[in-house]
Amino acid sequence: PGEETRLPPEMKLQLMRNLVRNPRLRRIALLFGRYRRMGLRDRELKALLASEEVVDFVQGGEVARALAGELSNFAMREREDLFYAKVVTHQLLIYELWQRHPRPRPVYLCLDNSGSMSGEKEIWAKAAALALAHMALHRGRSVEIVLFGDAADPLRVVSLLPEDKGATRLEKVLDVASYFLGGGTDFQKPLAHVLDAIQAAEETAGNDVLFVSDGLCPLSDEFVGRFRNAKTRYDIRLTTVVIGGEALSLARISDSVHRLEESLEAGNELAAQFASTFLERAAEPRARPRARSRSNRAQPLVFDHFLPESP
């Protein structure tokens with residue numbers, strides 16, 4: 001269960017000041033809320049359908065999942081005792097429904113922060129990534145956001161954990177939203193960081209990586225070989241989004257590639273897809289019912305959905 005956390009008044013005040021003074025933060029916050037709602041809607045529908053998917057027939061005592069032939073015994077007076085006996089001894093023939101694997105997969109989000117991403121591309125990438133991060137955290141999955149630029153630039157790595165307190169999580173989210181590097185683009189440095197993090201954690205249950213960029217950058221054959229080997233060993237699934245270009249070198253190591261025009265015309269639909277199918281394909285625990293919002297607002301206050309839910 002989540003833990004309700006109240007932000008200190010001075011942090012709330014500073015947040016409101018940042019929003020008033022920084023239109024870029026306001027835009028990211030608006031799109032974040034939209035993509036989060038779209039993703040939740042799609043995921044809830046898929047979870048409903050998945051929960052009804054029959055994968056086998058087994059013996060048990062759950063009448064609600066009993067086969068029609070077993071239920072017919074209940075309708076016949078002379079066979080009613082047989083039906084009750086099977087219920088008590090758990091010998092009813094019932095449907096076995098699909099269930100998610102209980103172990104969550106870590107999520108890594110690599111976002112290009114080079115100068116060419118400035119503007120709507122940066123805003124879209126961060127809003128989509130934060131919506132995806134929110135849903136991953138809500139399901140007990142750790143998230144690492146890697147903001148990258150050129151090979152000579154430092155990586156900005158922000159780790160979000162399900163157990164983070166509200167104030168800590170909000171501070172990290174604001175760090176991601178407000179940070180911008182500029183400069184050139186290098187793909188190998190952030191991808192190498194992700195590989196190092198996965199290998200250090202020795203997480204063999206699987207890892208999901210999203211890589212967003214508008215640039216072109218070669219990857220050495222040596223690094224491509226290293227990445228492919230790690231994909232097999234650590235079950236890494238790499239989804240790439242290229243804005244206004246072609247994947248080229250990234251296509252050699254990606255499981256799926258999505259291309260967006262510079263206008264980001266299909267950005268809304270793609271962001272919602274990430275917030276649903278990107279997480280849906282991974283092994284994760286069954287989602288808990290969502291608690292009602294702590295507020296009666298129709299729209300979320302910026303990133304307040306990153307606060308832990310009430311029990």
Side-chain angles (χ1 to χ4, degrees), residues 100-114 117 125 128-130 132-133 135-137 139-162 172 176 181 184-243 245-259 270 273-275 277-285:
R100 296 185 179 94
H101 192 279
R103 191 167 186 178
R105 297 164 61 101
V107 175
Y108 297 86
L109 308 174
C110 300
L111 308 180
D112 188 347
N113 251 219
S114 63
M117 284 285 290
L130 288 173
L132 178 58
M135 301 189 70
L137 291 166
R139 286 157 179 80
R141 303 177 66 181
S142 62
V143 177
E144 186 168 282
I145 300 178
V146 182
L147 306 176
F148 66 91
D150 203 349
D153 297 321
L155 298 175
R156 185 72 157 211
V157 179
V158 180
S159 297
L160 297 164
L161 303 174
K172 292 178 179 179
V176 172
L181 186 60
T185 306
D186 177 75
F187 293 164
Q188 188 161 317
K189 188 171 184 176
L191 289 172
H193 167 81
V194 169
L195 284 187
D196 291 341
I198 291 174
Q199 290 169 347
E202 296 185 346
E203 182 54 73
T204 57
N207 302 268
D208 289 308
V209 183
L210 175 66
F211 196 94
V212 182
S213 178
D214 69 339
L216 294 174
C217 177
L219 292 173
S220 68
D221 291 339
E222 180 182 359
F223 181 79
V224 169
R226 178 193 171 197
F227 197 94
R228 287 174 174 171
N229 290 335
K231 285 184 68 175
T232 302
R233 180 175 180 181
Y234 298 103
D235 188 14
I236 301 172
R237 295 171 180 172
L238 173 61
T239 299
T240 295
V241 178
V242 179
I243 303 176
E246 300 295 336
L248 298 180
S249 61
L250 289 170
R252 302 170 63 191
I253 58 175
S254 299
D255 294 278
S256 60
V257 176
H258 303 267
R259 185 179 181 278
L270 186 57
Q273 177 185 342
F274 286 150
T277 57
F278 182 86
L279 295 178
E280 188 66 39
R281 69 188 181 181
E284 61 182 64

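The only option from V209, D208, L210 that meets the side chain to side chain contact (heavy atoms under 4.5 Å, CB included) definition with R237 turns out to be D208.
Under 4.0 Å is where a charged nitrogen must lie from a carboxylate oxygen, and between D255 and K231 at least one such pair does. Salt-bridge formation is not detected for the pair D221/R228: no Lys NZ or Arg NE/NH1/NH2 atom is positioned less than 4.0 Å from an Asp or Glu carboxylate oxygen.
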- Chi angles and distances behind the side chain to side chain contact (heavy atoms under 4.5 Å, CB included) call for D186, D153: CA-CA 9 Å; D186 177 75; D153 297 321; over 6 Å; no
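Residues A133 and L109 share a closest heavy-atom pair of CB-CD1, 4.2 Å. Heavy atoms only, all atoms of each residue included: V143 and A136 are closest at CG2-CB, 3.7 Å. Of all heavy-atom pairs between R141 and P106, the closest is NH2-O, 4.1 Å. Of all heavy-atom pairs between M117 and D112, the closest is CG-O, 3.5 Å. Between P104 and G140 the shortest heavy-atom distance is CG-O, 3.6 Å. The nearest pair of heavy atoms linking L137 to P162 is CD2-N, 3.7 Å.
Side-chain contact check for L195 versus I236: some heavy-atom pair is nearer than 4.5 Å. The shortest distance between side-chain heavy atoms of L250 and L191 falls below 4.5 Å. For the pair D196/Q199, a side-chain contact is recorded, criterion being any heavy-atom separation below 4.5 Å from C-beta on. Here the side chains of I198 and Y108 are in contact, with some heavy-atom distance below 4.5 Å. Between L181 and R156 there is no side-chain heavy-atom pair separated by less than 4.5 Å. At a threshold of 4.5 Å between non-hydrogen side-chain atoms, the residues I145 and L130 count as touching.
Here the OG-CG distance, from S256 to L238, works out to 7.5 Å after rounding to the nearest 0.5 Å. Taking OG from S213 and CZ from F187, the interatomic distance works out to 3.5 Å, rounded to the nearest 0.5 Å.
No side-chain donor-acceptor contact under 3.5 Å links K189 to the backbone of D150. Using a distance-only test at 3.5 Å, with no hydrogens or angles considered, a donor-acceptor pair links the side chain of R105 to the main chain of D235. With hydrogens and angles ignored, the 3.5 Å screen pairs a side-chain donor or acceptor of R139 with a backbone N or O of M135.
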